[in-house]
Structure formats: C-alpha cells, structure tokens
Amino acid sequence: MPHTDKPEEPKQQIDKFRDAARKLKGDQSDATFEAAVDKVALAPKLTTEQIKELVRRQRAKPKKVGV
C-alpha cells in the first residue's frame with residue numbers, strides 16, 4: 001500500500017523564528033522587531049581601545065560560582 005501523505009515542506013527561517021518567539025512568549029509585532037533590529041544596527045561601533053578596556057574589565061571581575 002503506497003504512502004499518500006505529502007512530506008511536510010521544510011519551515012522557512014521566519015517561521016522558525018516565530019515559533020521560537022511564541023515559545024518564549026515574545027512580542028510578535030513588526031514594530032517591536034524593527035525597534036530591536038534598529039537598536040542593534042545603530043549601536044555605536046567600539047574603537048580598538050574601547051574593546052581592550054572592556055576585555056580588561058571583564059577579566060578583572062570576580063567569577064560567580066554556583067549561580
């Protein structure tokens with residue numbers, strides 16, 4: 001007896017994103033998404049010296065154990 005069910009088409013990336021957002025109860029509005037993208041895209045670029053300072057501060061912080 002032949003199998004007549006069509007295999008599911010692979011999900012598009014946006015569908016995977018939406019499913020993950022639903023699981024996390026994230027806001028699905030386009031405005032919220034665009035605001036988040038703009039926040040990341042428009043973030044100021046760090047200079048090499050700023051990056052080095054950030055790394056120094058991160059290394060100097062005591063590590064949290066058992067959190």
Side-chain angles (χ1 to χ4, degrees):
M1 188 168 175
H3 186 56
T4 57
D5 291 336
K6 285 189 205 175
E8 277 190 42
E9 291 185 29
K11 286 187 175 184
Q12 295 292 324
Q13 185 67 31
I14 189 68
D15 294 328
K16 292 177 185 178
F17 175 79
R18 287 179 179 142
D19 289 344
R22 279 188 203 105
K23 287 179 185 174
L24 296 172
K25 298 183 181 172
D27 187 350
Q28 296 180 13
S29 72
D30 287 340
T32 303
F33 176 76
E34 289 299 325
V37 169
D38 287 344
K39 183 176 180 181
V40 173
L42 300 176
K45 202 168 195 179
L46 297 176
T47 65
T48 304
E49 284 304 313
Q50 289 172 318
I51 293 170
K52 288 178 182 178
E53 180 59 30
L54 181 64
V55 170
R56 282 186 208 110
R57 280 188 269 152
Q58 291 295 322
R59 288 182 180 162
K61 282 186 183 177
K63 297 202 180 209
K64 294 180 180 179
V65 180
V67 174

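Here, residue 1 is the first one in the sequence, and each next residue gets the next number.
Distance NZ/Lys52 to CG/Leu46: 13.5 Å, rounded to 0.5 Å.
For Lys45 against Gln50, the heavy-atom pair with the smallest separation is O-OE1, 4.1 Å.
With a 4.5 Å cut-off on side-chain heavy atoms, Arg56 and Arg59 do not count as touching. Residues Asp19 and Arg22 have side chains in contact (heavy-atom distance under 4.5 Å, counting atoms from C-beta outward).
Hydrophobic clustering, with ILVMFWY side chains joined whenever heavy atoms are under 4.5 angstrom apart, groups Val37 together with Ile14.
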